[in-house]
Amino acid sequence: MTALLEVDRLRKAFGGVVAVDDVSFELDRGELLALIGPNGAGKSTCFNLINGQLPPDAGVVRLDGRPITGRRPREIWRQGVGRTFQVAATYASMTVAENVQMALLARERRLFDFWSRAARACRDEALELLAAVGLRERADEPASTLAYGDVKTLELAIALANRPQLLLMDEPTAGMAPRERAALMSLTKKLVRSRNLGVLFTEHSMDVVFAHADRIIVLARGQLIAAGPPEAIRDDARVREVYFGSGKLLSSALSA
Ligand code: ADP
Ligand code: MG
């Protein structure tokens with residue numbers, strides 16, 4: 001069967017810096033794949049090449065077997081590639097439910113109908129999505145009253161509103177406390193399974209990565225140096241070297 005996402009010999013240079021250097025990997029439906037590597041390894045550039053924010057110098061990205069490279073971000077989003085943002089992108093003045101309704105209307109290109117019947121029609125679907133992420137009880141509260149961890153969870157519901165097949169999450173847990181991080185990744189994993197979603201994410205906490213990812217790929221200076229299940233990555237000599245070399249030891253996860 002065709003993989004959901006195929007990244008095939010992708011390359012991107014900025015001046016003399018090869019940020020993504022001949023990188024290839026695949027991601028299946030129902031799989032939670034972590035992309036890790038030290039700062040500057042090329043993780044965000046990789047995301048931006050996949051979602052169309054940046055054109056690659058070489059290589060192809062395929063979604064469900066069809067090339068999406070060179071398409072505009074909006075078009076790639078329409079094909080079912082969603083993303084969450086490092087900085088939460090919600091509307092504080094709206095209620096939690098309205099934030100999701102906005103996203104549902106955007107999917108249907110009815111952005112300007114917000115106060116019409118269309119908005120009310122989307123409410124049930126918004127409430128379903130909020131239930132799926134555990135925010136149903138907060139639906140009618142202003143988004144501004146949510147704690148940071150809940151804002152990030154709301155973002156996940158907003159991303160799901162477009163019914164993505166593939167979700168890209170660049171540092172989804174940045175700024176969150178350890179317990180919130182684990183909760184957001186458990187929820188993500190649950191959604192991956194229940195909706196048969198493919199998720200590619202980056203994350204600094206190795207504990208979270210090793211506890212939740214189905215598979216891990218490791219970038220260092222733009223190159224993919226390892227790929228495999230957490231157990232294999234934990235024992236990989238090159239991975240250890242990269243992290244020891246950067247002076248940032250992989251906490252307990254690697255020595256466990
Ligand atoms: P990561 O997300 O793994 O920290 P990035 O993809 O942000 O890494 O960056 C990879 C390399 O590419 C770094 O050396 C960074 O300085 C460089 N880089 C990223 N984006 C740009 C840009 N728009 N212009 C110039 N250099 C960039
Ligand atoms: Mg980054």
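Atoms within each ligand, like the ligands themselves, are counted from 1 in listed order. If you're wondering where the values come from, they're calculated on a predicted model, not measured in any experiment.
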**Q.** Flag side-chain contact, heavy atom, 4.5 Å: Thr173 against Phe201
**A.** no
Q. Taking side chain as C-beta onward, heavy atoms only, is Leu167 less than 4.5 Å from Met169?
A. yes
Q: Please state which part of Thr45 comes within less than 4.0 Å of ligand 1, counting heavy atoms only: side chain, backbone, both or neither.
A: both
Q | Which residue and heavy atom of the protein sit nearest atom 13 (C) of ligand 1, plus the separation | A | Gly40 O, 3.8 Å
Q: Take Leu197 and Leu160 through the test side-chain contact (heavy atoms from CB on, under 4.5 Å) and record every step on the way to the result.
A: CA-CA 10 Å; Leu197 268 180; Leu160 292 176; 3.8 Å; yes
Q: Identify the protein heavy atom lying closest to atom 17 (C) of ligand 1, giving its residue, its atom name and the separation to 0.1 Å.
A: Phe14 CD1, 3.9 Å
Q. What atoms of ligand 1 come within less than 4.0 Å of a heavy atom belonging to Asn39?
A. 4 (O)
Q. Which ligand 1 atoms are under 4.0 Å away from a heavy-atom of Ser44?
A. 1 (P), 2 (O), 6 (O), 7 (O)
Q: Could you go through the salt bridge (charged side-chain N to carboxylate O under 4.0 Å, His left out) check for Arg83 and Asp170 one step at a time?
A: CA-CA 8 Å; Arg83 59 185 293 206; Asp170 196 359; over 6 Å; no
Q) For the Mg ion (ligand 2), does an N/O/S atom of Ser44 lie at less than 2.8 Å? A) yes
Q | Under-4.0 Å heavy-atom contact between protein and atom 25 (C) of ligand 1 | A | yes
Q) Are Met185 and Pro172 close enough that some pair of their side-chain heavy atoms sits under 4.5 Å apart? A) yes
Q. Are the side chain of Arg29 and the backbone N or O of Asn196 linked by a donor-acceptor pair below 3.5 Å?
A. no
Q | Close-contact set for ligand 1 against Ala41 heavy atoms, below 4.0 Å | A | 1 (P), 3 (O), 8 (O)
Q) Can you tell me if Gln223 uses its side chain to pair, donor with acceptor, with the backbone of Ile225 under 3.5 Å? A) no
Q. Going through the distances and angles, do Glu155 and Lys152 end up as a salt bridge (charged side-chain N to carboxylate O under 4.0 Å, His left out)?
A. CA-CA 5 Å; Glu155 264 214 311; Lys152 301 297 276 189; 3.8 Å; yes
Q: Any atoms of ligand 1 less than 4.0 Å from a non-hydrogen atom of Val17? List them with their elements.
A: 14 (O)
**Q.** atom 12 (O) of ligand 1 [closest protein heavy-atom partner, distance rounded to 0.1 Å]
**A.** Ala19 CB, 3.3 Å
Q: Tell me, please: is Gly42 in heavy-atom contact with ligand 1, that is, under 4.0 Å?
A: yes
